[in-house]
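Okay, so here's the structure we're looking at.
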Amino acid sequence: MNYFYVMNGKKLKQALIITVAVLFAIGIIYSERENVSVFSQYEPAAVYSIPTERKLIALTFDISWGDTRTEPILQILENKGIRNATFFLSSPWTKSHPEIVSKIVKGGWEIGSHGHKHVNYSSLNDEEIRAQIKTAHQIIQEVTGTSPNLLRLPNGDFDKRVLRIANELRYTVIQWDTDSQDWMNKGVDTIINRVVSKAHPGDIVLFHASDSVKQTHEALPVIIDKLREKGYEFVTVSQLMKQTKVSNQPPVEDQTMKPVH
């Protein structure tokens, strides 16, 4: 009978030691929970703007089709002395309009990728997403002689998988903080007022240079003049990103934007 209690006493002691050890480990994990979350929750995110006190602004232009709107916009930038702007080119358009692409390259403007097919990448599987980005990269590189590392997704659509795969392929996904809504063709004054009123230091502004926009070339000169009057300096997206840490939206939030052409 005494032997029975001795054995159970030993087991009880072992159980108490194990319990204390487990509670101690839990206490350490709990006290370090903020540090653990920083590493476990990190994911690539899209860039919308850059926090800076300097009056820097990046004008960006998406192009996916047409051959009549881009050159007037390039001419305006040339006339206004704007060498720092970023063009996001779709690869099919790039391949079919090498002469216009050449003017962008010779003008010294920054070139980013607007992907291959103009579809929502979040609707594709991982391999399809990877293929779209890599195909666009190859074509743009062959035509321009440059290797883009900025990606604006068709329709501004992405999810966590798209961000992860883009990051693996050494791309940074670029969104925008101010949407000119020029593709809606609401009127020259509407486009001007929208951009000028919303512009802020570190802003990335979305324009288009496809044939879907009919008023951008009329609004752009006024926008440039008004922003200059406010003291803004025009930079490329890459130049803007060198200023400070990137301002992004939570990576857990997938983005599906309005159609962008």
Side-chain angles (χ1 to χ4, degrees), residues 47 56-118 132-156 166 170-176 178-180 182-183 191 195 203-221 223-224 227-228 232-242 260-261:
V47 177
L56 303 176
I57 194 165
L59 305 183
T60 68
F61 300 85
D62 293 357
I63 312 177
S64 56
W65 71 280
D67 57 9
T68 63
R69 300 299 178 183
T70 303
E71 292 185 273
I73 288 173
L74 295 180
Q75 190 61 56
I76 290 166
L77 295 177
E78 178 82 26
N79 294 341
K80 292 293 184 179
I82 306 293
R83 290 296 181 181
N84 295 325
T86 304
F87 286 83
F88 291 93
L89 313 180
S90 74
S91 55
W93 183 87
T94 300
K95 191 172 184 178
S96 60
H97 297 84
E99 69 290 344
I100 303 179
V101 174
S102 177
K103 292 182 180 180
I104 297 174
V105 173
K106 289 178 180 178
W109 294 290
E110 182 173 47
I111 293 175
S113 173
H114 196 32
H116 188 53
K117 292 182 179 179
H118 207 281
Q132 290 293 312
I133 297 174
K134 291 176 72 173
T135 298
H137 183 91
Q138 181 179 353
I139 293 173
I140 294 171
Q141 186 176 47
E142 288 175 354
V143 177
T144 67
T146 63
S147 184
N149 59 11
L150 303 177
L151 173 64
R152 175 165 286 156
L153 294 154
N155 301 323
R170 300 180 182 275
Y171 270 95
T172 300
V173 173
I174 306 298
Q175 292 289 92
W176 56 87
T178 295
D179 182 356
S180 69
D182 57 349
W183 58 278
I191 297 171
V195 173
D203 196 6
I204 297 175
V205 184
L206 172 66
F207 291 101
H208 299 81
S210 294
D211 281 6
S212 55
V213 297
K214 307 185 188 318
Q215 300 155 344
T216 303
H217 66 290
E218 297 179 47
L220 191 58
I223 290 171
I224 291 171
L227 290 177
R228 275 183 168 154
Y232 280 98
E233 178 184 348
F234 299 97
V235 295
T236 66
V237 171
S238 292
Q239 290 169 336
L240 188 61
M241 289 174 64
K242 290 178 181 177
V260 177
H261 304 289

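All figures in this text were calculated on a predicted structure; none of them were measured in a lab.
For the atom pair CD1 (Ile82) and CD1 (Ile224), the distance works out to 4.5 Å, reported to the nearest 0.5 Å. Note that OG1 of Thr68 is 9.0 Å distant from NE2 of His217, once rounded to the nearest 0.5 Å. Atom CD of residue Gln239 and atom NZ of residue Lys242 lie 7.0 Å apart, to the nearest 0.5 angstrom. For the atom pair Ser238 OG and Ile174 CD1, the distance stands at 7.5 Å (nearest 0.5 Å). Of the inter-residue distances, the one linking Ser91 atom OG with Lys117 atom NZ reads 10.5 Å to the nearest 0.5 angstrom. Atoms CD1 and OG1, on Ile100 and Thr70 in that order, are 5.5 Å from each other to the nearest 0.5 Å.
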Should Ile223 and Ile191 be marked as a side-chain contact (heavy atoms from CB on, under 4.5 Å) after you check the CA-CA gap, both sets of side-chain angles, and the distance that decides it? CA-CA 9 Å; Ile223 290 171; Ile191 297 171; 4.1 Å; yes
Does His116 form a side-chain contact (heavy atoms from CB on, under 4.5 Å) with Ile139? I'd like the steps, not just the answer. CA-CA 9 Å; His116 188 53; Ile139 293 173; 4.0 Å; yes
Check the pair Ser210, Ser212 against side chain to side chain donor-acceptor pair (under 3.5 Å), reporting the backbone distance first and the verdict last. CA-CA 5 Å; Ser210 294; Ser212 55; 4.9 Å; no
Apply side-chain contact (heavy atoms from CB on, under 4.5 Å) to the pair Val237 and Thr172, showing each step before the final yes or no. CA-CA 11 Å; Val237 171; Thr172 300; over 6 Å; no
Apply side-chain contact (heavy atoms from CB on, under 4.5 Å) to Gln138 and Glu142, showing your working. CA-CA 6 Å; Gln138 181 179 353; Glu142 288 175 354; 3.3 Å; yes
For Glu71 and Gln75, run side chain to side chain donor-acceptor pair (under 3.5 Å): C-alpha distance rounded to whole Å, both residues' side-chain angles, the deciding distance at 0.1 Å, then the answer. CA-CA 6 Å; Glu71 292 185 273; Gln75 190 61 56; over 6 Å; no
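Using a distance-only test at 3.5 Å, with no hydrogens or angles considered, no donor-acceptor pair links the side chain of Trp65 to the main chain of Trp93. Side chain of Thr236 to backbone of Glu110: no donor-acceptor contact under 3.5 angstrom is found.
Among residues at least two apart or in separate chains, salt bridge (Lys or Arg N to Asp or Glu O under 4.0 Å) pairs with a member in residues 73-98 are Glu78-Arg83, Lys80-Asp225. Screening residues 145-156 for salt bridge (Lys or Arg N to Asp or Glu O under 4.0 Å) gives Asp62-Arg152 as the qualifying pairs, with residues at least two apart or on separate chains.
Nearest approach of Ala58 to Leu240, heavy atoms of both residues: CB-CD2, 4.0 Å. Between Phe207 and Ser180 the shortest heavy-atom distance is CD2-OG, 3.6 Å. Closest of all the heavy-atom pairs between Trp109 and Lys103 is CZ3-O, 3.7 Å. Nearest heavy-atom pair, Ala85 versus Phe61, reported as atom, atom and distance to 0.1 Å: CB-CE1, 4.3 Å. Contact record, Thr216 with Val213: OG1-CB, 3.4 Å, taken as the closest heavy-atom pair. Taking both residues in full, the closest heavy atoms of Val205 and Thr60 are given as O-OG1, 2.6 Å, listed atom of the first, atom of the second, then distance.
Inter-residue side-chain proximity for Met241 and Leu150 is flagged as met; some heavy-atom pair is nearer than 4.5 Å. By the 4.5 Å heavy-atom criterion applied to side chains, Leu220 and Leu77 are counted as neighbours.
Relative ring orientation between His118 and His114 is described as perpendicular, the plane-to-plane angle rising above 60° on a 0-90° scale split at 30° and 60°.
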